[in-house]
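Here is how names work: the chains are called A, B, and so on, in the same order as the sequence lines, proteins then strands, and each is numbered from 1.
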Amino acid sequence: MKSNNQTTITVIAIAIIGALIFSMFSSTPPAISFALGAMLTGLALHFMQESKHTILDDIDPSQSSTTLYVGNLPYRANESDVKNLFAEHGDVFAVRLMKDKRTGKRRGFGFVVMNSQDAEHAIDQLNNQEYGQRTLKVREANEPKNADSLDLE
DNA sequence: GTTGAGCGTT
């Protein structure tokens, strides 16, 4: 819908060419073949541009997420506490505190997924900070499932 | 109910 004049002219030109080609291999009357060819070619080009716009629109820098490693957590801290703590420094998308698979007891560390821009600030603000009589360790997580810190290369 | 360096899970 947002195509400018140049792309519109290009689409029409290609549509006409496609219509001519379509007419050559069709046994129906030339006028109908031409119209059908133009419609099909125009539709194809239209959807190609639509998908292009969709892909580009999906790239939203304000929503890129970064996974943070949080260590030296007090055992009594739950996911809610950690989420509230990090939420003071940015948008927190998810919190996972690792626990023992058998006993279910917390292991004192976990992961926080939050806004990439806020993540750097959260590291500076929360790393080596006192929390529950413990000194927090906050860093960027290792095995990143989300390859979003690629802007640091 | 305990412990204390670490990088996980559908």
Completion exercise
5'-most to 3'-most nt of DNA chain B touching chain A (<4.0 Å, heavy-atom partner on protein side) reads B/dT2 to B/dT10

Ignoring hydrogens and angles, write down the donor-acceptor pairs under 3.5 Å from the side chains of residues 79-87 of chain A, residues two or more places apart or on other chains.
| unit_1 | atom_1 | unit_2 | atom_2 | d |
| --- | --- | --- | --- | --- |
| A/Glu79 | OE2 | A/Leu97 | N | 3.3 |
| A/Asp81 | OD2 | A/Asn78 | N | 3.2 |
| A/Asn84 | ND2 | A/Ser80 | O | 3.1 |

Practice task
Taking the side chain as every heavy atom from C-beta outward, state whether A/Val92 and A/Val112 have any atom pair closer than 4.5 Å.
Solution key: yes

Practice task
Specify the residues of residues 102-110 of chain A, ordered by number, for which at least one heavy atom lies under 4.0 angstrom from an atom of DNA chain B.
Solution key: A/Lys105, A/Arg107, A/Gly108, A/Phe109

Donor-acceptor contacts under 3.5 Å from residues 101-109 of chain A side chains, at least two apart:
| unit_1 | atom_1 | unit_2 | atom_2 | d |
| --- | --- | --- | --- | --- |
| A/Thr103 | OG1 | A/Lys105 | N | 3.3 |
| A/Arg106 | NE | A/Tyr75 | O | 2.7 |
| A/Arg106 | NE | A/Ala77 | O | 3.1 |

Handout entry: Shared hydrophobic cluster for A/Tyr69 and A/Met98 (ILVMFWY, side-chain gaps under 4.5 Å)
Key = yes

Problem - Common cluster, A/Leu136/A/Val95, ILVMFWY with side-chain heavy-atom separation under 4.5 Å - result: yes

Exercise for the section: Classify the nucleic acid contact of A/Leu97 as base, sugar-phosphate or nothing, counting any heavy atom under 4.0 Å across all strands shown. Expected result: nothing

Handout entry: Residue-level proximity of residues 75-88 of chain A to DNA chain B when a heavy atom falls under 4.0 Å
Key = A/Tyr75

Handout entry: Stepwise side-chain contact (heavy atoms from CB on, under 4.5 Å) test for A/Met114 and A/Thr66
Key = CA-CA 6 Å; A/Met114 63 186 305; A/Thr66 294; 5.7 Å; no

Practice task
Would you confirm whether A/Asp118, through its side chain, and A/Asp91, through its main-chain N or O, come within 3.5 Å as a donor-acceptor pair?
Solution key: yes

Exercise for the section: Give the minimum heavy-atom separation between A/Gly132 and A/Pro74, together with the two atoms involved. Expected result: O-CB, 4.0 Å

Practice task
Just call it for A/Lys99: base, sugar-phosphate, or nothing, with non-hydrogen atoms closer than 4.0 Å on any strand.
Solution key: nothing

Fill in the blank from the handout: Taken to the nearest 0.5 Å, the spacing of A/Gln125 CD from A/Glu120 CD works out to 12.5 Å

Fill in the blank from the handout: The side-chain hydrogen bond (donor to acceptor under 3.5 Å, both in side chains) partners of A/Glu130 (sequence neighbours excluded) come to A/Thr135

Exercise for the section: May I ask you to test the A/Leu68-A/Val113 pair for a side-chain heavy-atom distance under 4.5 Å? Expected result: no

Problem - Position toward the 5' end of DNA chain B (nearest nucleotide), A/Asn72 or A/Met98 - result: A/Asn72

Exercise for the section: Just jot down the side chain to side chain contact (heavy atoms under 4.5 Å, CB included) partners of A/Lys137, sequence neighbours excluded, or say none. Expected result: A/Asn72, A/Asn127, A/Arg139

Completion exercise
Ordered by number, residues from residues 128-138 of chain A within less than 4.0 Å of DNA chain B (heavy atoms) are A/Arg134

